[in-house]
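First up is the structure itself, then whatever we jot down about it.
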Amino acid sequence: MEEESVTPARRLERSFYLNTNAVEIARNLLGKVIYSSVDKIITGGVIVETEAYKGPEDVGSHSYNGKRTVRNEMMYAEGGLVYMYICYGIHNMLNIVTGPEGSSHAVLIRALEPVTGIDVMRQRRSVFDNDKRLCKGPGALCKAMGLSKKHNGVSLAGDTVWIEDRGTVLTDDEIIASPRVGLNITGPYRDIPWRFYIKRNPYISRP
DNA sequence: GCGACGATCATCT
DNA sequence: GATGATCGTCGCG
């Protein structure tokens with residue numbers, strides 16, 4: 001038998017997403033690689049920034065207090081699906097549904113370090129001068145990866161959107177936890193450190 | 001039916 | 001750092 005010199009990339013398994021602690025999953029998604037295959041073109045990048053949203057106790061979550069609407073229904077699905085919604089009328093947001101069916105936790109993907117299909121991402125974003133901007137922010141990365149609300153409910157076990165573990169190990173001192181971005185709420189959940197990003201990574205949406 | 005409001009981004013100054 | 005773009009969704013009654 002021949003030994004592998006590097007850890008082979010392998011898709012995250014279903015159990016990864018069934019963890020009931022979305023905060024833990026948000027942290028553990030850092031360093032993983034997310035891919036999309038849209039119009040037969042594969043694009044992807046390393047996840048460098050995430051945010052956890054924990055329903056129903058999290059005032060910042062769409063599912064706060066058990067709220068259930070047409071828009072957020074996907075949050076209640078079993079972990080391992082994609083929850084997409086539109087923000088500010090323009091921007092698509094990519095979330096990973098987590099926890100068992102009936103719970104409503106999710107992780108927002110906020111920034112990627114582009115790895116695959118970079119030229120297509122430049123075209124989709126009309127950004128040709130600075131690859132650090134390609135997937136800088138949740139709306140930007142969706143545009144770069146060709147993802148929109150029509151991908152709501154797509155399974156990460158399928159061949160449209162999936163996440164791989166490349167064996168990257170991040171220690172706690174390489175990860176920054178900080179308050180979440182853009183929430184217009186008051187109370188303790190406003191400043192709870194549920195945003196995670198890789199320290200000094202130039203591809204995050206903001207320091 | 002309608003008014004208000006975003007888990008943002010690009011383009012200014 | 002400030003501002004305008006832009007529209008789906010929610011909640012009201």
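The basis for the numbers below is simple: all heavy atoms, side chains too, and nothing from hydrogens, waters or symmetry mates. Below, read A as the first sequence line, B as the second, and so on, with proteins coming before strands; counting in each chain starts at 1.
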- line: From CG of Asn152(A) across to P of dG8(C) the rounded distance in Å is 15 Å
- request: Calculate the interatomic distance between Asn65(A) atom CG and dG11(C) atom P; express it in whole Å.
  value: 11 Å
query: Tell me, what's DNA chain B's dot-bracket, Watson-Crick or G-U with both distances under 3.5 Å, | for other-strand, [ ] crossing?
result: ||||||.|||||.
message: Can you tell me if Lys67(A) touches the phosphate of dG11(C), counting only side-chain N or O atoms and a distance under 4.0 Å to OP1 or OP2?
response: yes
message: Using the rule side chain to side chain contact (heavy atoms under 4.5 Å, CB included), only one of Asn95(A), Val82(A), Asn152(A) pairs with Met74(A); which is it?
response: Asn152(A)
Cationic N near anionic O, under 4.0 Å, Glu78(A) to Arg14(A): yes
message: Against the six-membered ring of Tyr53(A), is Arg180(A) placed for a cation-pi contact (under 6.0 Å from the centre, within 45° of the normal)?
response: yes
query: side chain to side chain contact (heavy atoms under 4.5 Å, CB included) between Ile163(A) and Tyr17(A): does it pass, once the steps are laid out?
result: CA-CA 11 Å; Ile163(A) 302 178; Tyr17(A) 305 104; 3.6 Å; yes
field: Any donor-acceptor N or O pair under 3.5 Å, side chains Ser36(A), Thr43(A)
entry: yes
message: Base, sugar-phosphate or nothing for Lys143(A)? Non-hydrogen atoms, less than 4.0 Å.
response: nothing
statement: Nucleotide by nucleotide, nucleotides 1-13 of chain B touches protein heavy atoms under 4.0 Å in the pattern (B base, S sugar-phosphate only, - none) -----BBBSS---
query: Who are the salt bridge (charged side-chain N to carboxylate O under 4.0 Å, His left out) partners of Asp39(A), not counting sequence neighbours?
result: none
Sub-4.5 Å side-chain heavy-atom contact between Val48(A) and Leu112(A): no
query: Under the 6.0 Å and 45° cation-pi test, does Arg71(A) pair with Tyr85(A)?
result: yes
